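In the text below, chain A, chain B and the rest are named by the order of the sequence lines, each starting its count at 1. Model, not experiment: these values are computed from the prediction. Every heavy atom of this structure was used, including side-chain atoms; hydrogens, water molecules and symmetry mates were not.
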Protein chains: 2
Amino acid sequence: MPCPLYSYTYPHPAVTTDVVLFTIKDTRLQLLLVQRAAEPYQDYWALPGGFLEIDETLEACALRELAEETGIDGVYLEQLYTFGQPDRDPRERVISVAYYALAPFDRLTPRAASDARRVGWHPIDSLPALAFDHTRIIDLAHRRLVAKLDYTTIALQFLEPEFTFRELQTVYECILNARLDKRNFRKRIHALDLLQETGNLVRNGNHRPAKTYRSKNPAEVVILK
Amino acid sequence: MPCPLYSYTYPHPAVTTDVVLFTIKDTRLQLLLVQRAAEPYQDYWALPGGFLEIDETLEACALRELAEETGIDGVYLEQLYTFGQPDRDPRERVISVAYYALAPFDRLTPRAASDARRVGWHPIDSLPALAFDHTRIIDLAHRRLVAKLDYTTIALQFLEPEFTFRELQTVYECILNARLDKRNFRKRIHALDLLQETGNLVRNGNHRPAKTYRSKNPAEVVILK
DNA sequence: GCAAAAGTGTTCCAGATACACCCATGT
DNA sequence: ACATGGGTGTATCTGGAACACTTTTGC
């Protein structure tokens, strides 16, 4: 163990980031958890995250920790909220800047980090016991996601660049946990004028093939209304 | 100057809070700034804020710094966003958890802290040069306020417990920077069923007196829609 | 030819907007 | 009596919700 080397006139809290990574898998909204290998909360599941390095941005820290612990990159990331209850970590005072992230499942191939922690997807409605205040963080992230679904184009972040209308509707249905009317849904999305036909079709079973679409503006999440 | 006393194995950033305190004064949306007495950004105006103490919550820190620097308390406070660009403070790495606060102007009597910094109200549309990244923080707070105005009851936080309909409409008009139709505004607010008549009237010039209202739920900001 | 998902329009309702006049008071 | 802001109702528009049948394919 290295000697204490960094000294300050006043006490400084530690700063961490935690990431709630959502995806749609098996037509369910799921999120990524890692199983803790050490105390505190050993063997509990937790959000991927860790300590901020002194020269990196908060966002870089969130992406780095996600990559280190799960091997995942290239996700959409947005700051959620900062949690700082004095007793949230028994080791020392920790301020955690929480982020949420979204990505299409097929782009994601989680693998445990070298320290052999397990990594896995968990449906939002059947989560295991969680470390720290991570239940609260997930709950807030989920509510933010539901809210943003209907005034932003955030749903597109769950999809590959080319997708069918049905896939997009499934994203909405999984997040809202409700079935939507196909005609009204298509009318509403078309009215936003966000998508363009690719001209391609996907054959996908014994029924009529589906047209595929592409976002006109895939890089950005746009605020509607 | 005290000796360095607090040592860590890894470097820790400093954590601060900053508060964007809004009020309605002279039928304009204004916010509270303090003039900096020391470097960096000496003489620049800045948001009230300061370093987190190791045992206080983030929210307590925001309220404490506001009280210390301006003598103001009893405001509505909500977390805004956390700013952590590595170069945002030239002295050391600082993570700032920004809050915004709202209060009726008459409840507020700012006075400079003992170190003789000036404290003052500034209309949102004519701000002086600001220290650090405080322009960005204010811009985000302002956009959040405008957005929350139409899906929460946040406007009531600008008013005394007892107020007239015209006062409430003025809050909306100052924040949205637009004039609203009196009849439609009253109809919309009445439909929300948030207010009750007090039975009192205020005489306020050579015209018909106005009924006053009270929030049915003054302590809470409720999410509508 | 049948099962299965893709694709398409119209009617209805509710909430938002536009708009003009009478009321109670002070001077 | 008149100037000033307080207080009220109706017609219209628009976006969302409900709802059923035809099309294209694989087997």
Task: Distance, rounded to the nearest Å, where R179(A) contributes CZ and dA17(D) contributes C1' - done: 17 Å
Task: Length of the CZ-P vector between R183(B) and dA11(D), whole Å - done: 13 Å
Open item on the list: What is the separation between atom CD on Q169(B) and atom C1' on dG5(D), rounded to the nearest whole Å?
Closed with: 12 Å
TODO: For D181(B) and for H207(A), find the nucleotide of DNA chain C with the closest heavy atom, then tell me which residue's nucleotide is more 5'.
DONE: H207(A)
Open item on the list: How many whole angstroms separate atom CG of N204(A) from atom P of dT24(D)?
Closed with: 18 Å
TODO: Between K182(B) and K187(B), just flag the one whose closest nucleotide in DNA chain D comes earlier from the 5' side.
DONE: K182(B)
- [ ] Determine the contact category for R186(B): base if any of its heavy atoms lies under 4.0 Å from a base atom, sugar-phosphate if only primed atoms, P, OP1 or OP2 are that close, otherwise nothing.
- [x] base
Open item on the list: Whether the E162(A) and N200(A) side chains hold a donor-acceptor pair (N or O, under 3.5 Å, no angle test) is what I'd like checked.
Closed with: yes
- [ ] Indicate yes or no: does R214(B) engage E160(B) in a salt bridge with an N to O separation below 4.0 Å.
- [x] no
TODO: Check for a donor-acceptor pair, side chain of Q169(B) on one end and backbone N or O of L180(B) on the other, with a separation under 3.5 Å.
DONE: yes
Open item on the list: Under 6.0 Å between ring centres: does that hold for F165(A) and H190(A)?
Closed with: yes
- [ ] Mind checking the CG-CG spacing from L149(B) to L176(B)? Nearest 0.5 Å is all I need.
- [x] 5.0 Å
TODO: Identify whether any heavy atom of K211(A) sits under 4.0 Å from a base atom; if not, whether one sits that close to sugar-phosphate; answer base, sugar-phosphate or nothing.
DONE: sugar-phosphate
Task: Interatomic distance where CZ belongs to R208(B) and C1' belongs to dG5(D) [whole Å] - done: 10 Å
Task: Spacing between R188(B) atom CZ and dT8(D) atom P, to the nearest angstrom - done: 18 Å
Open item on the list: Just verifying a value: how many Å separate L66(B) CG and L32(B) CG, rounded to the nearest 0.5 Å?
Closed with: 7.0 Å
Open item on the list: Going 5' to 3' along DNA chain C, between which two nucleotides do contacts with chain A fall, using a heavy-atom cut-off of 4.0 Å?
Closed with: dA3(C) to dT10(C)
